[in-house]
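Here's the structure we're looking at; comments come further down.
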Amino acid sequence: GLVRVDSLRVGGAIVKALTACTLDLGQLQRIRPGVRGLLGLNFIRNYRLTIDFERQIAQFADPTAKGL
């Protein structure tokens, strides 16, 4: 189902007033036990996302910040 979320924060990245989809992560957790949720484009589109797979780090940067 869909739910309205006042805000969602991942590290220092925050998005206010968005719609989230609720789903059972059981099958995904069988493949990847540490999974606790999924981020959708309605959150990610607000940032410049860099993923460092070797270090297992995702960085969310303000796309309007100088130097980006």
Side-chain angles (χ1 to χ4, degrees):
L2 297 176
V3 294
R4 192 79 181 138
V5 177
D6 293 332
S7 65
L8 176 65
R9 186 174 116 196
V10 178
I14 188 166
V15 174
K16 295 185 179 195
L18 68 144
T19 301
C21 177
T22 61
L23 55 113
D24 180 358
L25 295 175
Q27 289 184 347
L28 184 57
Q29 288 173 335
R30 283 188 209 105
I31 299 165
R32 211 58 170 157
V35 171
R36 294 188 295 169
L38 300 171
L39 289 178
L41 289 178
N42 61 340
F43 181 89
I44 295 171
R45 71 175 177 211
N46 296 285
Y47 297 93
R48 178 167 291 166
L49 173 62
T50 303
I51 301 173
D52 182 333
F53 289 100
E54 288 182 19
R55 293 174 36 208
Q56 298 184 5
I57 294 172
Q59 294 178 312
F60 297 88
D62 181 348
T64 62
K66 211 171 188 178
L68 293 180

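Just so you know, residue 1 is the first one in the sequence shown, and it goes up from there.
- Taking CD of Q59 as the reference point, atom CZ of R48 lies at 12.5 Å (rounded to 0.5 Å).
- Here CG of L25 is found 14.0 Å from CZ of R32. Values are rounded to the nearest 0.5 Å.
- Interatomic distance, CG of N46 versus OG1 of T64, reported as 10.5 Å (0.5 Å rounding).
- One hydrophobic cluster holds both L49 and F53 under the rule that ILVMFWY side chains link at heavy-atom gaps under 4.5 Å.
- In this structure, L23 and L28 have side chains that are not in contact, with every pair of non-hydrogen atoms separated by 4.5 Å or more.
- The line from CG of L39 to OH of Y47 is 10.5 Å long, rounded to the nearest 0.5 Å.
- By the criterion of side-chain heavy atoms lying less than 4.5 angstrom apart, applied directly or through intervening Ile, Leu, Val, Met, Phe, Trp or Tyr residues, I51 is grouped together with I44 in one hydrophobic cluster.
- Sparse packing is recorded around CG of D6, with 12 or fewer heavy atoms of other residues, nucleotides or ligands lying under 6.0 Å away.
- Taking a 6.0 Å sphere around CD1 of I57, one finds it holds more than 12 heavy atoms contributed by other residues, nucleotides or ligands.
- A donor-acceptor pair under 3.5 Å is formed between the side chain of R9 and the backbone N or O of G11.
- Pairing each heavy atom of F43 with each of V10, the nearest pair is CZ-CG2, 3.8 Å.
- In this structure, N42 and V15 have side chains that are not in contact, with every pair of non-hydrogen atoms separated by 4.5 Å or more.
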